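First the structure, in the form of structure tokens, and then the observations on it.
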Amino acid sequence: MGEPGVEKVGAAGGSGTNRPVPARSPSRAEGPAEEPVGGPRPRLGPGAAPGSGPRGTVGPAGGAFPASGIVPTAGGEAIVPGPVAVVGLGRSNRALVRYLRAHGVAVVGCDRQPPEQADPEIRALGEAGVELHLGPDYLRVLVERPFATVFLTPGMKKDLPEIRAARAAGARIRGEVDLFLERCRATVIGVTGSAGKTTTTSLIGEGLRQAATPGGPLEDRPVYVGGNIGRPLIEEVDRIPPEALVVLELSSFQLELCHRAPHVAVYLNLRPNHLDVHGSMEAYAAAKARIVELQQPDGWAVLNGDDPAPAELAPRAPGHVAVFAASARVARQLAEREASRRGGPVRAGYLDGHHLVFWDGREERRLLDGRAMRLRGAHNRLNALAAILAGWVAGAPPEAMAQAAAAFPGVEHRLELVRELDGVRYYNDSIATAPDRTLAALESFSEPVVLIAGGYDKGIPFDPLGPAVCRRARAVVLLGQTADAIQRGIEAAAAREGRGPVVRRVGSLDEAVREARRLARPGDVVLLSPACASYDMFRDYAERGRRFKELVRALV
């Protein structure tokens with residue numbers, strides 16, 4: 001399951017370089033590009049919506065646009081009120097700058113990388129005419145000059161003094177995804193949650209893609225996947241046709257910079273995460289809730305009825321509500337209540353034993369035996385329920401979505417089987433950047449587990465992890481900043497329960513793999529599921545996962 005726990009802090013597939021972390025700045029892992037597969041647009045399902053500045057400045061100063069409305073320019077129409085600043089020049093914001101420049105918008109680009117260390121792509125922006133402010137004082141321009149629009153990289157704190165000053169002076173604070181949603185003519189499905197976003201987004205994309213193949217129910221409708229995974233889509237937005245379907249993974253960081261929401265909003269769950277940036281669970285929850293609260297009356301909210309945060313949004317959803325849950329009672333009651341309140345169709349998905357079942361208010365359809373899914377874990381059955389529901393309300397038959405879910409092999413770094421050696425299977429679950437992800441991973445195995453955990457401290461408590469580790473793990477190898485805190489939690493749980501795993505401490509991932517191999521016995525599982533971010537040792541969770549796979553494949 002996936003979100004920053006998800007250390008994915010960039011918009012539309014890329015991160016900025018301005019997130020305040022003590023070690024390495026995270027950057028979005030390069031994901032595979034999703035190509036459109038395809039045309040006339042079928043009807044959607046019922047209710048769905050169709051060089052001379054201050055020190056650190058590089059490149060010429062840009063001109064300004066009037067501060068209100070969309071205005072004609074020599075190159076056409078300005079797509080945002082200017083002057084415009086883009087803060088944080090990671091992959092997605094570099095794409096944003098290029099898109100704005102292509103539309104005749106003068107842009108001031110800001111990034112904390114010093115000029116002499118700037119990424120070649122950043123320097124290329126300066127050479128192309130973008131006024132760049134680089135280095136430690138990169139935010140000073142926000143105070144010294146007025147801006148009508150400021151686009152921020154999602155992962156940075158939004159209450160920095162310079163950003164507060166720009167907002168107070170009248171600047172509209174936005175993100176690249178917000179502009180994409182404003183400009184996109186296609187139906188957009190957005191997915192958020194503390195865990196499971198990447199898997200669910202990928203499941204939806206694969207199901208829609210298969211339904212859009214020749215002879216399929218959505219024949220020739222182009223499908224795009226992006227947001228917090230894959231490549232930035234902002235440079236393609238004007239070429240995406242109205243009949244297309246776009247699936248976006250959306251982090252809390254991106255959502256708090258949005259002023260509109262997708263047509264279909266999937267909200268999976270809420271667990272403590274990113275408190276080092278959001279500051280409180282209340283702020284984190286409020287950011288997530290925007291994916292539903294900002295919808296239009298013709299939209300669909302696909303909500304987890306078992307999780308209080310998504311479920312409590314159901315009465316406040318502006319449009320239709322579909323519900324997934326582990327039990328028929330929870331899913332059907334909530335879906336039917338909201339459909340009755342709105343006078344709309346019923347859409348619900350739930351589990352009956354191992355089976356994934358769907359309900360339209362009249363007929364129950366048993367579409368998929370979860371044991372036939374290639375994805376491991378009960379949490380992935382809930383992800384599949386959410387994905388099939390999302391495709392259904394967007395116009396894809398649930399049978400087609402279920403077929404794709406059964407065959408879906410999973411996403412890299414998410415309970416990914418690396419190899420089997422001497423009767424021991426090694427799994428890469430580096431995406432587990434919060435304790436709840438590791439809890440779900442542990443429950444996915446009946447075999448004895450040797451767990452590798454620990455990393456950067458995001459301010460999340462590890463107390464719930466102790467009992468699960470004592471119950472499911474035979475041994476634990478700890479590393480990183482959080483090793484002490486995790487060990488205390490395990491020892492406290494072991495004292496209460498009268499049993500606990502062997503605990504070993506190491507200084508690096510290389511040592512952790514060697515120690516885990518020494519501890520593992522035939523029939524065991526060695527599981528990298530850190531419960532923490534990676535910033536104390538790696539650039540991001542993907543780099544950590546790739547290193548783990550290299551180390552495991554090198555074992556002899």
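These numbers come from a predicted model, not from an experiment.
If you take CZ on R174 and CG on L181, they are separated by 9.5 Å, rounding to the nearest 0.5 Å. Rounding to the nearest 0.5 Å places NE2 of H259 at 8.5 Å from CD1 of I173. Atom-to-atom distance recorded for R539:CZ and R547:CZ is 15.0 Å, nearest 0.5 angstrom. Remark: R376 CZ to R381 CZ distance equals 10.5 Å, nearest 0.5 Å. Between T192 atom OG1 and L270 atom CG the span is 9.0 Å, to the nearest 0.5 Å. L389 CG to L303 CG: the interatomic distance, rounded to the nearest 0.5 Å, is 10.0 Å.
For the pair N228/L250, no side-chain contact is recorded, criterion being any heavy-atom separation below 4.5 Å from C-beta on. T201 is listed as a side-chain neighbour of V225, based on a closest heavy-atom distance under 4.5 Å. Using a 4.5 Å heavy-atom threshold, the side chains of L294 and L255 count as separate. Under the 4.5 Å side-chain criterion, counting only non-hydrogen atoms from C-beta, L268 is in contact with V191. Contact annotation: the side chain of L179 approaches that of L100 to within less than 4.5 Å [non-hydrogen atoms, C-beta and beyond]. Between L96 and F180, the closest side-chain pair of non-hydrogen atoms is not below 4.5 Å. Looking only at side-chain heavy atoms (C-beta outward), H413 and D429 stay at 4.5 Å or farther from each other. Annotation: side chain of R517 is in contact with side chain of D422 (closest heavy-atom distance under 4.5 Å).
The backbone N or O of D540 sits less than 3.5 Å from a side-chain atom of S534, completing a donor-acceptor pair. Checked by atom type and distance alone, the side chain of N269 pairs as donor or acceptor with a backbone atom of A195 at under 3.5 Å. Between the side chain of E420 and the backbone N or O of Y426 there is no donor-acceptor pair closer than 3.5 Å. A donor-acceptor pair under 3.5 Å is absent between the side-chain atoms of N428 and the main chain of E416, judged by distance alone. Not a single donor-acceptor pair under 3.5 Å links the side chain of D510 to the backbone N or O of L551. With hydrogens and angles ignored, the 3.5 Å screen pairs a side-chain donor or acceptor of K158 with a backbone N or O of M156. Side-chain N or O atoms of Q117 include none that pairs as donor or acceptor with a backbone N or O of Q113 at under 3.5 Å. Remark: the backbone N or O of G227 is not paired with any side-chain donor or acceptor of E249 at under 3.5 angstrom. A donor-acceptor pair is defined here as one N or O able to donate and one able to accept, closer than 3.5 Å; no such pair exists between the side chain of D111 and the backbone of L134. Judged by distance alone, the side chain of T149 and the main-chain N or O of R172 form no donor-acceptor pair under 3.5 Å.
Remark: the R425 side chain and the Y427 side chain contain an N/O donor-acceptor pair separated by less than 3.5 Å. Donor-acceptor pairing under 3.5 Å is lacking for the side chains of S252 and K288. Between the side chains of S430 and R544, at least one donor-acceptor pair of N or O atoms lies under 3.5 Å.
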- Please report the C-alpha distance between V247 and Y224 in whole Å, then the side-chain angles of each, then the deciding distance to 0.1 Å, and finally whether the side-chain contact (heavy atoms from CB on, under 4.5 Å) criterion is met. CA-CA 6 Å; V247 192; Y224 298 77; over 6 Å; no
- Task: Could you check L356 against I388 for side-chain contact (heavy atoms from CB on, under 4.5 Å), going step by step and ending with a plain yes or no?
- Result: CA-CA 10 Å; L356 279 66; I388 295 167; 4.2 Å; yes
- Task: Evaluate the side-chain contact (heavy atoms from CB on, under 4.5 Å) criterion for residues L528 and L451: first the C-alpha distance (whole Å), next the side-chain angles of each, then the deciding distance (0.1 Å), finally the verdict.
- Result: CA-CA 6 Å; L528 172 68; L451 176 67; over 6 Å; no
- Message: Checking E511 against R514 for the salt bridge (Lys or Arg N to Asp or Glu O under 4.0 Å) test, could you report, in this order, the C-alpha distance in whole Å, the side-chain angles of both residues, the deciding distance, and whether it holds?
- Response: CA-CA 5 Å; E511 293 178 60; R514 291 196 298 269; 5.1 Å; no
- Task: Could you check Y267 against V302 for side-chain contact (heavy atoms from CB on, under 4.5 Å), going step by step and ending with a plain yes or no?
- Result: CA-CA 6 Å; Y267 189 176; V302 179; over 6 Å; no
- Do R260 and E182 pass the salt bridge (Lys or Arg N to Asp or Glu O under 4.0 Å) test, and can you show the C-alpha distance, the side-chain angles, and the key distance before you say yes or no? CA-CA 7 Å; R260 55 191 50 76; E182 178 181 277; 3.3 Å; yes
- Task: Step by step, work out the salt bridge (Lys or Arg N to Asp or Glu O under 4.0 Å) result for E121 and R98.
- Result: CA-CA 11 Å; E121 285 192 39; R98 291 192 295 267; 3.7 Å; yes
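E412 has no carboxylate O lying under 4.0 Å from a charged side-chain N of R546, or vice versa, which leaves the two without a salt bridge. A salt bridge is absent between R290 and E293; no separation between the charged side-chain nitrogens and carboxylate oxygens falls under 4.0 Å. Salt bridge annotation for E497-R471: absent, with no cationic side-chain nitrogen under 4.0 angstrom from a carboxylate oxygen. By the 4.0 Å N-to-carboxylate-O rule, R474 lies close enough to D524 to be salt-bridged with it. Salt-bridge annotation for E491 and R488: absent, with no side-chain N of the basic residue lying under 4.0 Å from a carboxylate O of the acidic one.
Closest approach of V143 to A165, counting heavy atoms only: CG2-CB, 4.2 Å. For the pair P461 and P435, the tightest heavy-atom approach, listed with the atom from each and the gap, is O-CG, 3.7 Å. Residues L203 and A405 approach most closely at CD2-CA, 3.8 Å, considering heavy atoms. Shortest non-hydrogen contact noted between A493 and G466 is CB-C, 3.4 Å. The two residues F462 and A485 come nearest to each other via the heavy atoms CD1-CB, 3.9 Å. In terms of heavy-atom proximity, L479 sits nearest to S508 at CD1-C, 3.6 Å.
No option in V418, I452, V449 other than I452 meets the side-chain contact (heavy atoms from CB on, under 4.5 Å) test with V526. Partner of L89 under the side-chain contact (heavy atoms from CB on, under 4.5 Å) criterion, chosen from T153, D119, L132: L132.
Environment of CZ in R521: sparse, with no more than 12 heavy atoms of neighbouring residues, nucleotides or ligands closer than 6.0 Å.
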